[in-house]
Amino acid sequence: MPETPTRAMRLGIAGPVGTGKSSLIGLLCSRLTDRLQLGVVTNDIYTDEDARLLRSAGVLDPDRIRAVETGACPHTAIRDDITMNSIAIEDLERDYPGLQLVLVESGGDNLTATFSPALVDAQIFVLDVAGGGDVVRKGGPGIARADLLIVNKTDLAPYVDVDAARMVQEGTAARDGRPVIGLSRLDTKSVSAVCDWVLATLASYDAGTHTAHDPGPMAAHSHTQ
Amino acid sequence: MMSGGALLLGDARLPTGGHTQSAGLEPALLTGLSPASIPGFIVSRLRTCVRVDAGTAVVGLRLLYAGAPLDPVVDAWCARTPSEVVQAASIEAGRGYLRLHQRLTGFATATPALPRPLAVAALAHSWDLSAAELARIICHDDVQSVCSAALKLTPCDPVDTVSWAVAAGDEADRVVTEVQGLDDPDDIPAAAAPEMELWQHAHGNASRRLFRA
Amino acid sequence: MTARTTRVLARLTADGSVQVELATGLLAPRVVRQHGTTVEIALVATGATLLGGDHLRVELSAQDGTCLVVRDVAGTVAYAGGGRISHWDNEIQVGPSARLVWHAEPLVLSDGAQVHRETHADVAGHGRLLLRDTVVLGRAGQAGGELTCRTRIWHDGRPLLAEDLVLDRHTRALPGVLGARVLDTATAAGWRPEGPPDATVLHLAGEGAMARSIVDEAHHSEIHAVWRQWADQQCASL
Ligand SMILES: Nc1nc2c(ncn2[C@@H]2O[C@H](COP(=O)(O)OP(=O)(O)O)[C@@H](O)[C@H]2O)c(=O)[nH]1
Ligand SMILES: [Mg+2]
């Protein structure tokens, strides 16, 4: 029987700037705070913009939201030197015994940034429709192999001439069947789908059946499908 | 010859969170240091707070080799670091080293928090470094933290920052010579740069920071 | 060159009053007032100080249970010393439950002055010390002479503050060392003054605080207000 973990699950949230990572954390906090002991670590390049935004949203006790400076190296802070993020998470665990889930927002970075498996147990990669329908096809380790891909702001699709359903479909194809969710905060069903995915992942983590895997480096470029 | 341990400690790729530190440069630039003065700023630091840190590290290393407690040298460092903001930033940076140390060797200090120079000294002790190597590392890390942060904070050519580090070499040599033989906490240099201290002190309340300190 | 020591020692007598012992050096101590266990002393210059080669030494001691308030009657000007260094040593003792406040006036370094100042203070467990220290580099229109200040303050047998300031022309021109003519400092040792959070206040790791302001004109210093507040907390009875 696999060992059950003794510490909170760490869920990383990566993706380009402005795709909705902080908003997603806000949604998850407001939906899950009654059921789970939550903590948040943010990594915005400008100190605590994200932390402040989340604190002022009032979705979680402000002390459970910690900001980590990255010295303008958001990629380094989640991948090659995770020290300060690890310390922030360990502090949250020390300050809040019984913590179940820590959400770690990466400072918005390019498509190649993914979390080190030593920092998080699972990760979500967030894109939005406004970034263009072909972003998914362009790929990258997060898009191809994060535990969950979110195509956010589907409500905006008609305004940016993007077919959101097709984006989700192409994502699913590019990800060998790994999950993709089209999300809009205006669409409660899609919000529930993301919450359900988080809860299911946490349940398998708690049961000791979840394996962290690394989306890995940028895949070798190939034009064949 | 530099030992392997010394090279590891002098390498910014060592995972200890060094990329979050600007060695006082960001606070300085936010408060009015002109980018043209950065080479002089590097020398100012070597004359003052880096001397304090290097001396602290060396005395700490001697105490560790002697199996003696670090408390007197922690006190001496605190007395030479009046701003609680600067103290906290150093202790936080020290945690990066302590965490690495703990993961590698199970090392645990009796004092749960150590300022950065003493956390580095503890690793230096594990890796059998000499006092001179340790003092050199403290200087090198500070100079390079300023240089690499300058690339993020000001428009400059990476080659220029290397020339600053080279130009600061003599001053760094003097620090190493001066502190390498220290063994008494009371003899740790106490040279201060009051203006820089106030700049760094203000960083605790700065918004839109890129660097922790 | 021998030091001429100015000495002020306050001790409690058996009947609960304060007995003061005074000695005159380059500065002469005068009792201004005495009330209960508090005694206020003024330090008066006995001649033109500080000249090149002068060695001014001040010993202040507030023994167990006394409150010693020291005021300078005027600031001190260090004159061009023709290459001769002037020394100024302060030796301060604060006994258990004693209080000592020194309302020091500015030390002004004229062009050509070279001053080496050392301040050593020992504050016992429940003693409280409050020091003002204003240095002005240059009289009006001058760049000012050279100053080194060595400060060591101990509290309850442990180092509380150790600072060496090298303010020669070369060093103080380095970025981040001083940046202006006036360095104004208030230091509390053995206690943590109360007050609204203030950007100028550094909270020492031990029991103590230091408030600092670096300005071009002494009257712009932010320390005046901090000082009044801290001094009121220290010896409210005067
Ligand atoms: N229309 C729409 N806008 C969204 C949605 N989610 C986030 N946004 C907006 O996208 C912008 C960037 O969001 P933010 O969470 O700060 O992105 P981050 O940089 O990835 O953290 C903000 O203006 C949000 O209000 C969504 O579902 N629909
Ligand atoms: Mg964000």
Side-chain angles (χ1 to χ4, degrees), chain A residues 7 10 17 22 41-56 62-63 65-95 102 104-110 113-120 214, chain B residues 8 11-27 29-30 85 88-104 108 112-114 116 119-120 123 141 144-155 203-213:
Chain A
R7 59 159 180 78
R10 299 157 184 195
V17 182
S22 301
V41 174
T42 66
N43 276 210
D44 205 8
I45 55 159
Y46 273 127
T47 333
D48 55 352
E49 297 277 283
D50 279 339
R52 264 183 240 196
L53 184 121
L54 288 166
R55 286 183 190 126
S56 62
D63 188 54
I65 304 170
R66 305 283 165 93
V68 168
E69 283 90 353
T70 64
C73 301
H75 198 163
T76 304
I78 61 166
R79 185 83 201 180
D80 18 319
D81 184 355
I82 58 174
T83 308
M84 293 307 171
N85 273 313
S86 303
I87 286 176
I89 295 170
E90 287 157 12
D91 282 356
L92 275 170
E93 286 171 347
R94 179 201 59 206
D95 297 346
V102 181
V104 185
E105 178 180 353
S106 94
D109 206 326
N110 58 33
T114 57
F115 286 88
S116 160
L119 180 62
V120 299
D214 179 14
Chain B
L8 280 173
D11 187 338
R13 290 167 294 189
L14 192 73
T16 54
H19 63 100
T20 66
Q21 306 292 317
S22 78
L25 182 66
E26 185 177 39
L29 291 169
L30 285 176
V85 176
S90 180
I91 283 167
E92 221 176 274
R95 289 181 69 188
Y97 289 87
L98 291 176
R99 189 172 183 281
L100 174 68
H101 200 173
Q102 203 271 331
R103 294 282 307 275
L104 287 172
L114 287 176
R116 189 181 159 282
V120 177
L123 256 176
D141 189 85
Q144 284 292 72
S145 296
V146 173
C147 289
S148 74
L151 294 172
K152 304 259 169 60
L153 295 168
T154 64
H203 207 53
N205 294 319
S207 59
R208 298 181 73 80
R209 291 190 302 247
L210 288 178
F211 292 92
R212 184 74 193 88

Practice prompt. Answer yes or no: is there a donor N or O on one side and an acceptor on the other, between the side chain of A:T83 and the main chain of B:P15, under 3.5 Å?
Written response: yes

Checklist entry - Is there a donor-acceptor pair closer than 3.5 Å between any side-chain N or O of B:H19 and the backbone N or O of A:T76? => result no

Rounding to 0.5 Å, atoms CG (B:L100) and OG (A:S86) come to a distance of 11.0 Å

Close side-chain approach of A:D91 and B:R95, heavy atoms under 4.5 Å:
yes

Scanning both residues in full, the closest heavy-atom pair of B:A93 with A:M84 reads CA-CE, 4.2 Å

- Query: Do A:I87 and B:R99 have side chains that get closer than 4.5 Å, going by heavy atoms?
  - Reply: yes

Practice item. Using a cut-off of 6.0 Å, state whether more than 12 heavy atoms not belonging to B:R103 lie near its atom CZ. Key: no

Rounded to the nearest 0.5 angstrom, the CD-OG1 distance for A:E69 and B:T20 is 7.5 Å

Smallest heavy-atom separation, B:T16 atom then A:D81 atom, equals N-OD2, 3.1 Å

Under 4.5 Å to a heavy atom of chain A? For B:S22 that would be neither

